[in-house]
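Structure, as structure tokens:
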Amino acid sequence: MTTDKKETAASDFIRAIIAKDLRNNKNNGRVVTRFPPEPNGFLHIGHAKSICLNFGIARENPGGVCHLRFDDTNPSKEEDAYVQAIQNDVKWLGFDWGDKLFYASNYFNQLYEYAVKLINMGKAYICSLSAEEIRQYRGTLTEPGKDSPYRNRSIEENLDLFSRMRAGEFAEGSHILRAKIDMSSGNLNMRDPAIYRILKVSHHRTGDKWCIYPMYDFAHCLSDSIENITHSLCTLEFEDHRPLYDWFLDVLKVHHPQQIEFARLNLDYTVMSKRKLMQLVDGGYVKGWDDPRMLTISGLRRRGYTPTAIRNFCRTIGIAKRENRIDMTVLENSIRDDLNVLAKRVMGVLKPLKIIIENYPEDQEEMLEVANHPKNPEMGSRMVPFCREIYVEHDDFMEEPPKKFFRLGPGREVRLRSAYFITCTRVIKDDNGLVVELRCTYDPASKGGSSPDGRKVKGTMHWVSARHGVRAEINLYDRLFTVENPESDKDKDFKEFLNPGSLVTLKDCIVEPSAAAINPGQQVQFERQGYFCLDSTSKQDNIIFNRIVTLRDTWTKIRKKQGVKQ
Ligand code: ATP
Ligand code: MG
């Protein structure tokens, strides 16, 4: 069963452009997109937006293709482990690049040739200013830059220096290759940008073959061109780089993909750059890239999100031309919607309170049939053991219940889901006056939880047999940050806003036996408590569940109470 929602050609402005291009037979009716991650960290939910867009468009159009290309031009930050993790995440999200797996590093020879060509055309030169001097010469947004004193080096000298840079004769930072464009351009990217720099670093794929590496802006647009990409979709911050890409492609007279920019995903209560996520991992603020609180794809997977929910989320937020922020509730609702349909209902008690049903025979046990889904009989039912001793949720009992509390209290009768009506007859406390146990009686005529004589009870509670229940550890997650935008205060480090209560682990939970028998990664709904997923590290003698999300959105309510505008 799938709950995937569908895209149409008119879903967003990018799909509309592509549909028009196809109608006009532009690119001979081909649609070739790409997803180009830099392998310097794990993918996050923002990347999912780009993946769904690029792979989605390829899938929707007959003959469409999407390449997975690693933009691996910065060897000091990149690792093969990230390459593997990224592939794993893209596949898990449900997308397939077929045989179109590429690396910018595959093109290092070609890119070098392009650079030599620019030098030969008098369009690039070796600059020997220091990094600091280059910054000073660049000017500002309001002041034009100054020409480098090395700008007019001869083509021969440039060719000689460039080949010696490649041969490893010079130290890092002593020379760079720059495009010769316009130091007075209003666009800083056009002020003779760097094309190649010396980096004496081994590359995870090319080893020590190179000690000069192309800059991202040079490698990116030309890799798109080499791969015959038709539509190069990128986030808005690259709008200002487009004139530079146009310049490279036009001067070199090579295939010119159409670049279209869209707004990146910004999500409340989280940070979204690999660099910042890495700080959380390296600083031990979270337990690894796949910590269920991280909005990485691997974190969401471990938390129990489904690929369908993430794809539907990306579809819901759409593709816009303007920057915006998305409320976390939108993401949470996407997993609620998916699991509401798919997740089997089971019973688990997070904070157990023991009940002894005094009129239920000591040596009796019975199996009661409980539906697996309230609305979908096709999901069947299961047999759940019941006996004289059960656990209910501590929060479902109050000694002096207020008016609107319909659950258990002294002398009150409630329904145990699919079991019996019980009435609380006695409250047992410890030396500190804390309630530790309840004594109840049950009505044998209410088997299955139906009223024997039309009398009504207001509350229905979940329960687990104390003799048969299985002990489990449950992780309850809250948002990782306490403020909507942890990056908005430029004077403060985003880590100052980490939520100290983002993880609460309950050690003594009791779940029904069928819940403990599910597979790691599988999701269930613990009735009334939310959706949970058996953690990947869970073992038979140490069962661990992660709460994916509560059943309802409690945050919006809390924020409304605090007077925060929605
Ligand atoms: P980060 O800052 O997290 O490292 P990035 O853009 O530098 O992000 P890349 O690996 O270069 O990371 O990104 C691969 C692709 O994913 C790019 O095409 C980029 O535009 C896209 N992408 C990255 N972050 C987002 C986001 N928040 N929303 C939409 N697309 C994104
Ligand atoms: Mg990047």
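No experiment lies behind these values; they were computed from the predicted model shown. Remember, it's 1-based here, ligands and their atoms both numbered in the order they're listed.
Applying the salt bridge (charged side-chain N to carboxylate O under 4.0 Å, His left out) rule to Arg151 yields the partners Asp147, Asp192; only residues at least two apart in sequence or on another chain are considered. Residues meeting the side-chain contact (heavy atoms from CB on, under 4.5 Å) test with Ser488, sequence neighbours left out: Asn485.
Considering backbone and side-chain N/O of Lys274, one or more are found under 3.5 Å from N/O of ligand 1. Polar contact check, Tyr216 against ligand 1: no nitrogen or oxygen pair lies under 3.5 Å apart. Inclusion of Lys49 in the set of residues having an N or O under 3.5 Å from an N or O of ligand 1 is not warranted. Taking distance alone, with nitrogen or oxygen atoms compared against 3.5 Å, Glu38 approaches ligand 1 more closely than that limit. Annotation: His47 places an N or O atom under 3.5 Å from an N or O atom of ligand 1; distance criterion only.
Atoms of ligand 1 found under 4.0 Å from any heavy atom of Pro36 (numbered from 1 in listed order, with element): 14 (C), 18 (O). Residue-ligand proximity, Pro37 to ligand 1, at heavy-atom distances under 4.0 Å covers atoms 10 (O), 14 (C). Those atoms of ligand 1 with a heavy atom of Leu265 less than 4.0 angstrom away are 26 (C), 27 (N), 28 (N), 29 (C). Counting the atoms of ligand 1 from 1 in the order shown, those under 4.0 Å from a heavy atom of His44 are 3 (O), 24 (N). Every atom of ligand 1 is numbered from 1 in the order shown, and the set under 4.0 Å from a heavy atom of Thr235 is 20 (O), 29 (C), 30 (N), 31 (C). Every atom of ligand 1 is numbered from 1 in the order shown, and the set under 4.0 Å from a heavy atom of Phe35 is 14 (C), 15 (C), 16 (O). Ligand 1 places these atoms under 4.0 Å from at least one heavy atom of Met272: 3 (O), 27 (N).
Not a single heavy atom of Phe238 sits less than 4.0 Å from an atom of ligand 1. Not a single heavy atom of Lys276 lies less than 4.0 angstrom from ligand 1.
A ring-centre distance under 6.0 Å is found for Phe162 and Tyr112. Between Phe218 and Phe248, a ring centre-to-centre spacing shorter than 6.0 Å is recorded. Aromatic pair Phe108/His203: ring centres closer than 6.0 Å.
Ion pairing between a basic and an acidic side chain is recognised when a charged N comes within 4.0 Å of a carboxylate O; Arg479 and Glu484 show no such pairing.
Counting non-hydrogen atoms of neighbouring residues, nucleotides and ligands closer than 6.0 angstrom, the NZ atom of Lys495 exceeds 12 such neighbours.
For the pair Arg293 and Tyr477, the cation-pi criterion (under 6.0 Å, within 45° of the ring axis) is not fulfilled.
No hydrogens or angles considered: nothing links the side chains of Ser502 and Asp478 as a donor-acceptor pair under 3.5 Å.
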